[in-house]
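Here the structure is laid out as structure tokens; the discussion comes afterwards.
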Amino acid sequence: EPEVTQTPSHQVTQMGQEVILRCVPISNHLYFYWYRQILGQKVEFLVSFYNNEISEKSEIFDDQFSVERPDGSNFTLKIRSTKLEDSAMYFCASSEFGLRNTGELFFGEGSRLTVL
Amino acid sequence: GEDVEQSLFLSVREGDSSVINCTYTDSSSTYLYWYKQEPGAGLQLLTYIFSNMDMKQDQRLTVLLNKKDKHLSLRIADTQTGDSAIYFCALRSGYALNFGKGTSLLVTP
């Protein structure tokens, strides 16, 4: 069964360093998302991406964050200068139809980011 | 954005029914979802309900929607130990899903 894969599964970084989290969405999906979950908190929407551009972003997704689809398969989230409060589990998701119809999102297993 | 609230923990005995509740504030969402997260895994869509429905049944799962009270529930019949996981209520909001904090369901033998 096709699945969304994310790398790395866990990354530890120093405050102020740049981090890139990678995702390979399901191959025929056209809509891509990043969500995050700070420990003990709710899963929060960061950004949605369609047709090579951001379709919506939350207030969390400030200038420190960027997304890119550098080739036909990868979808990346970059955090330019990490802060302690960026420590979280980051989930990538993809969808064939976006949130039209039933709007099912397929999530990866997550990348845990720890900022020291 | 919408506020989505869930109780954090639920413990049931194997074979009993589980009922996980969710309340929300904004009633404009057309679809409401239940996602399941097993340990070490991503979120997996369990079921969903369209906002013009009151109830949806899918095998052991029953979703009830009370739009007047802005209350969504998930009932799992004959709960098994394999049902132990975190269950997230989610509502569609524009291009995004707005999740609750999740309810940890523990099923004891």
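First the proteins, then the strands, lettered A, B, ... as listed; each starts at 1. In this text, all values refer to a predicted model and were calculated from it rather than measured experimentally.
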So what's closer than 4.5 Å to chain A heavy atoms on B:Q44: side chain, backbone, both or neither? neither
So with a 6.0 Å cut-off around CG of B:N52, is the heavy-atom count from everything else above 12? yes
Please check if atom CG in A:L116 has more than 12 non-hydrogen atoms from other residues, nucleotides or ligands closer than 6.0 Å. yes
Going hydrophobic residue to hydrophobic residue with side-chain gaps under 4.5 angstrom, can you get from B:V4 over to B:L105? yes
What one should report as the nearest heavy-atom pair of A:L105 and B:Y35 is N-OH, 3.2 Å
Return yes when atom NZ of A:K57 has more than 12 non-hydrogen atoms of other residues, nucleotides or ligands closer than 6.0 Å, and no otherwise. no
Looking only at A:Q41, A:E56, A:Q37, A:E44, most heavy-atom pairs under 4.5 Å shared with chain B are made by A:E56
Whatever's closer than 4.5 Å to a heavy atom in chain B on A:S48 counts as side chain
Under 6.0 Å from the CD atom of A:E85, do we count more than 12 heavy atoms belonging to anything else shown? yes
So, for B:G42 and A:F91, which heavy atoms are closest and what is the spacing to 0.1 Å? CA-CE2, 4.1 Å
Are more than 12 heavy atoms, taken from residues, nucleotides or ligands other than B:F9, located less than 6.0 Å from that residue's CZ atom? no
Distance-minimising heavy-atom pair for A:F107 and B:L43: CB-O, 3.3 Å
Check each atom of B:F88 against the heavy atoms of chain A and say whether the ones under 4.5 Å are side chain, backbone, both or neither. side chain
Would you say the side-chain atoms of A:Y35 pair up with the backbone N or O of B:L97, donor to acceptor, closer than 3.5 Å? yes
